[in-house]
Amino acid sequence: MPCRKGHVELIAIYNEYNQKGFEILEVAADTNRDEWLQAIKEDKIPWENVSDLRGVRNKAVLIYGVKQYPSNFLINREGIIVATDLWGDELRKKLKDLLK
């Protein structure tokens, strides 16, 4: 549920910066396929959303060392993580700087 609460603001940021090069790939830590797909539909998620349905044991969690939910990683065009766990105005400020 904490991840879903942030979707409203994240959708607004996505709509503001997507045309400037900002993209989101959401990796859901879900185990129930139907509930996961229903949440995407209800929240009207416009970006790619993937899950291997292994919950907190999914490959992305293991690769990136996720310790809290929600978490995010801002990755530049070169594939380098430039920030983690930015939300709201902090995320907007970083995107503005990166997407000049």
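Nothing fancy with the numbering, it's 1 onward along the sequence.
Around atom CD of Q19, no more than 12 heavy atoms belonging to other residues, nucleotides or ligands sit under 6.0 Å away.
Of the residues E9, E23, H7, the one that meets the side chain to side chain contact (heavy atoms under 4.5 Å, CB included) test with Y14 is E23.
Residues W36 and V50 share a closest heavy-atom pair of CZ2-C, 3.6 Å. D30 and A28 make their closest contact through OD2-CB, 3.0 Å (heavy atoms, listed as atom of the first residue, atom of the second, distance). When all heavy atoms of N72 and L86 are compared, the closest pair comes out as ND2-O, 2.8 Å. Taking all atoms of both residues into account, the shortest heavy-atom contact from Y17 to K96 is OH-CB, 3.9 Å. Residues A29 and Y69 share a closest heavy-atom pair of CB-CE2, 3.7 Å. Closest approach of N58 to V61, counting heavy atoms only: OD1-N, 2.9 Å.
Counting heavy atoms from C-beta on, the side chains of L10 and L91 come closer than 4.5 Å. Two residues are said to be in side-chain contact when any heavy atoms from C-beta on lie closer than 4.5 Å; I40 and I45 meet this criterion. Residues L98 and V82 form a side-chain contact, since some pair of their non-hydrogen atoms from C-beta on lies under 4.5 Å apart. Considering only heavy atoms from C-beta on, T84 comes within 4.5 Å of I81 through its side chain.
Residues I13 and W47 fall within the same hydrophobic cluster, defined by Ile, Leu, Val, Met, Phe, Trp and Tyr side chains chained together at heavy-atom separations under 4.5 Å. Under the 4.5 Å side-chain contact rule for hydrophobic residues, V27 and V56 do not share a cluster.
Of the inter-residue distances, the one linking R54 atom CZ with D52 atom CG reads 5.5 Å to the nearest 0.5 angstrom. With values rounded to the nearest 0.5 angstrom, I11 atom CD1 is found 6.5 Å from D43 atom CG. Here the CZ atom belonging to R92 is positioned 14.0 Å from the CG atom belonging to D97, to the nearest 0.5 angstrom. Between atom CG of residue L74 and atom CG of residue D85 there is a gap of 11.0 Å, rounded to the nearest 0.5 Å. Rounded to the nearest 0.5 angstrom, L99 CG and K20 NZ are separated by 8.0 Å. N32 contributes atom CG, which lies 10.5 Å from atom CD of Q38 (distance to the nearest 0.5 angstrom).
Note: Y64 and F73 have tilted aromatic rings, judged against thresholds of 30 and 60 degrees for the angle between ring planes.
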